[in-house]
Each structure stands twice: as C-alpha cells, then as structure tokens.
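Quick notes on the structure that follows.
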Amino acid sequence: MSTVAIVGAGPGLGAAVAERFGREGLAVALIARNLAKLDKLAEGLSAQGIAAKAYAADVHDRDGLSRALAAAADEIGMIEVLQYSPVPRSEFLRPLLETSVDDLAAAVEFSVYGSATAVQQVLPCMTALGRGTILFVNGSSAVTPNPNVTGTSVAFAAESAYGQMLHDTLSEQNIHVGQLIVPGAIRDDDPVFAPKVLADRLWQIHTAKGPYRVTVG
C-alpha cells in the first residue's frame, strides 16, 4: 500500500486531504507537533476504513521530521504523496518593521529547510515506486509580497522557488510537484475555500499532473 504523508496535519485541510486520499486507497501518515490531536484524527479515519497513523514531529527539528517520515514508510507503506502544509506561526505574520532577523530565520527554517528535509526523505520512496507527487500549500504571500506578513512573504517565496525547481527537475522521473495557492481563509462554510473543496483540488493536482502552480479562485 502507498501512503500520503501530510506534514502539518490538523482538523481542517489536513483531515480533509486525509479523507480524500484515503478514499482512493492510500494509507495516511499524519505528521504534526501534537500527537494527542493526531491520534484522534487517526482514530476517526480508521473508523471510516482508512489506514492511518499519527507521528509527532516539528518541522524545525529536521532529524525528528526525517525520522517520522521514515517510520511512516516502514510501518504503513512507501510514501507516494507528500503534502507540506504546516500552518505558519504568529511570529511569521508581523509587519515588516516589526519583523526581526530571528523571525525571518525561523520562517525560512519552517518553510524551506523543513520542506527540503521532507522532500529529501521521501524521494527514495518515490523513485523506488516509479511515481510520486509532492504538494505545497501556501497563501497568497507566496506570490505577492505583503509587508503585513513579512515572514511568510519571504519564506513562502523561497519555498515556491524551491518547489518550481523540483517540478522542473523531477518530472522526468514521473514525480509531479505542484503548489496550491489559497488566497483566503480556509472555512467550512465557504464554497471555494472549504477544506473538502481544497482537498478535491489537491487530488486533481495529484492525478492531472499539470502546471506547477494552481491558484484557488
């Protein structure tokens, strides 16, 4: 069985993606900092007949993130799909002149070093399978710098560039890299930005393997 690994899994988009991909027969590895919350998500997925397991890891801890992904591949199945979508922290959302060098360093660690760690860990699985998809989920500051959210504007832009290069490089290996830009708040009651709607878009990116960037709306 192949696995979708969701880095930054939570009760909103992460849960919706887990259900969407799980219905298609993939096992689900839920990865985030709070193991207790992840265990509840995994229990709910299991009740739907979806193979799921929780793994605690912080994207700022590169070794811990690598270990979690390696354990998922060993325990529930080779990772075919990686979604990197941890929710940015408050210090990354400060105005430009209130953002320190340490804030910027933490944002880059979060968005770039964390994503690169995850990608490098799962690439051998995808290469062995002969297929794979890497999904990045970002807000609009990834493509339009916003001085009110300086950390994400800088770090998401770097993450976007990294993803674009991966897309161009890995396509020859049947590994698709796609980015979903969500220029608004994710809300259950929104016909465009509801988690289940976005999960469907991510499934389409996985199956259609089109251009690198898709923008919601």
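The figures that follow rest on heavy atoms only: side chains count, while hydrogens, waters and symmetry mates do not.
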Requested in this report: Could you go through the side chain to side chain donor-acceptor pair (under 3.5 Å) check for Arg94 and Ser100 one step at a time?
Outcome: CA-CA 9 Å; Arg94 293 172 179 159; Ser100 69; 5.3 Å; no
Query raised in the report: Between Arg201 and Val214, is a side-chain contact (heavy atoms from CB on, under 4.5 Å) present by the stated rule, with each step listed?
Result: CA-CA 9 Å; Arg201 295 295 296 271; Val214 173; 3.0 Å; yes
Requested in this report: Kindly determine whether Asp102 and Glu91 satisfy side-chain contact (heavy atoms from CB on, under 4.5 Å), including the steps that lead there.
Outcome: CA-CA 10 Å; Asp102 287 342; Glu91 60 266 33; over 6 Å; no
Report task. Could you walk me through whether Leu202 and Val137 pass side-chain contact (heavy atoms from CB on, under 4.5 Å), step by step? Result -> CA-CA 9 Å; Leu202 288 161; Val137 181; 4.0 Å; yes
Report task. Might you work through the side-chain contact (heavy atoms from CB on, under 4.5 Å) test for Ile6 and Ile31, ending with a clear yes or no? Result -> CA-CA 6 Å; Ile6 303 169; Ile31 300 173; over 6 Å; no
Report task. Walk me through it: do Lys209 and Thr133 pass the test side chain to side chain donor-acceptor pair (under 3.5 Å)? Result -> CA-CA 8 Å; Lys209 304 190 187 305; Thr133 301; 3.2 Å; yes
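Between Glu159 atom CD and Gln164 atom CD the span is 13.0 Å, to the nearest 0.5 Å. Here Arg23 contributes atom CZ and Leu45 contributes atom CG; the two are 11.0 Å apart, rounded to the nearest 0.5 Å. The structure places CD1 of Ile50 at 6.0 Å from CD of Glu19, a figure rounded to the nearest 0.5 Å. How far OH of Tyr162 is from CZ of Phe136: 6.5 Å, rounded to the nearest 0.5 Å. The OG1 atom of Thr150 sits 7.5 Å away from atom CG of Asn148, with the distance rounded to the nearest 0.5 Å. Note that CD of Gln83 is 9.5 Å distant from CD1 of Ile205, once rounded to the nearest 0.5 Å.
Exactly one of Ile134, Leu170, Val81 qualifies for a side chain to side chain contact (heavy atoms under 4.5 Å, CB included) with Met126. That residue is Ile134.
Taken together through direct or relayed side-chain contacts under 4.5 Å among Ile, Leu, Val, Met, Phe, Trp and Tyr, Ile79 and Trp203 form parts of separate hydrophobic clusters. Taken together through direct or relayed side-chain contacts under 4.5 Å among Ile, Leu, Val, Met, Phe, Trp and Tyr, Val192 and Leu180 form part of one hydrophobic cluster. In the hydrophobic clustering of this structure, Leu82 does not group with Val17; members are Ile, Leu, Val, Met, Phe, Trp, Tyr whose side-chain heavy atoms approach within less than 4.5 Å, directly or through other members. Each of Val119 and Leu135 belongs to its own hydrophobic cluster when Ile, Leu, Val, Met, Phe, Trp and Tyr are linked at side-chain heavy-atom distances under 4.5 angstrom. With hydrophobic clusters built from ILVMFWY side chains whose heavy atoms lie under 4.5 angstrom apart, Leu26 shares a cluster with Leu41.
Across all their heavy atoms, Pro191 and Val197 have their closest contact at O-CG2, 3.6 Å. The shortest heavy-atom contact between His167 and Pro211 is NE2-C, 4.0 Å. Residue Pro195 comes nearest to Ile186 through the heavy atom pair CG-CG2, 3.7 Å, listed as atom of the first residue, atom of the second, then distance. Smallest separation of non-hydrogen atoms from Leu69 and Ala118: CD1-CA, 3.6 Å. Closest heavy-atom contact between Ala199 and Leu13: N-CD1, 4.2 Å. The shortest non-hydrogen separation linking Ala57 to Leu65 is CB-CA, 4.0 Å.
Using a distance-only test at 3.5 Å, with no hydrogens or angles considered, a donor-acceptor pair links the side chain of Thr152 to the main chain of Val149. With hydrogens and angles disregarded, a donor-acceptor distance shorter than 3.5 Å links the side chain of Ser115 to the backbone of Val112. No donor-acceptor pair under 3.5 Å is formed between the side chain of Ser140 and the backbone N or O of Pro183. Although no hydrogens or angles enter the test, the distance criterion places a donor-acceptor pair under 3.5 Å between the side chain of Thr3 and the main chain of Gly77. Remark: the backbone N or O of Ile181 is not paired with any side-chain donor or acceptor of Thr215 at under 3.5 angstrom.
Between the side chains of Gln179 and Ser160, at least one donor-acceptor pair of N or O atoms lies under 3.5 Å. Between the side chains of Glu75 and Tyr55, a donor-acceptor pair is found at a separation under 3.5 Å. Side chain to side chain, Gln204 and Asp200 fail the donor-acceptor criterion of an N or O pair below 3.5 Å. When only modelled atom types and interatomic distance are considered, Thr117 and Ser66 share no side-chain donor-acceptor pair under 3.5 Å.
Contact annotation: the side chain of Val7 never approaches that of Ser85 to less than 4.5 Å [non-hydrogen atoms, C-beta and beyond]. With a 4.5 Å cut-off on side-chain heavy atoms, Gln173 and Thr127 count as touching. Under the 4.5 Å side-chain criterion, counting only non-hydrogen atoms from C-beta, Tyr212 is in contact with Val177.
A salt bridge links Arg89 with Asp58: at least one charged nitrogen is closer than 4.0 Å to a carboxylate oxygen.
Aromatic ring pairs are classed by plane angle as parallel below 30°, tilted from 30° to 60° and perpendicular above 60°; the pair Phe21 and His206 is tilted. Note: His60 and Phe110 have tilted aromatic rings, judged against thresholds of 30 and 60 degrees for the angle between ring planes.
Environment of NZ in Lys40: sparse, with no more than 12 heavy atoms of neighbouring residues, nucleotides or ligands closer than 6.0 Å.
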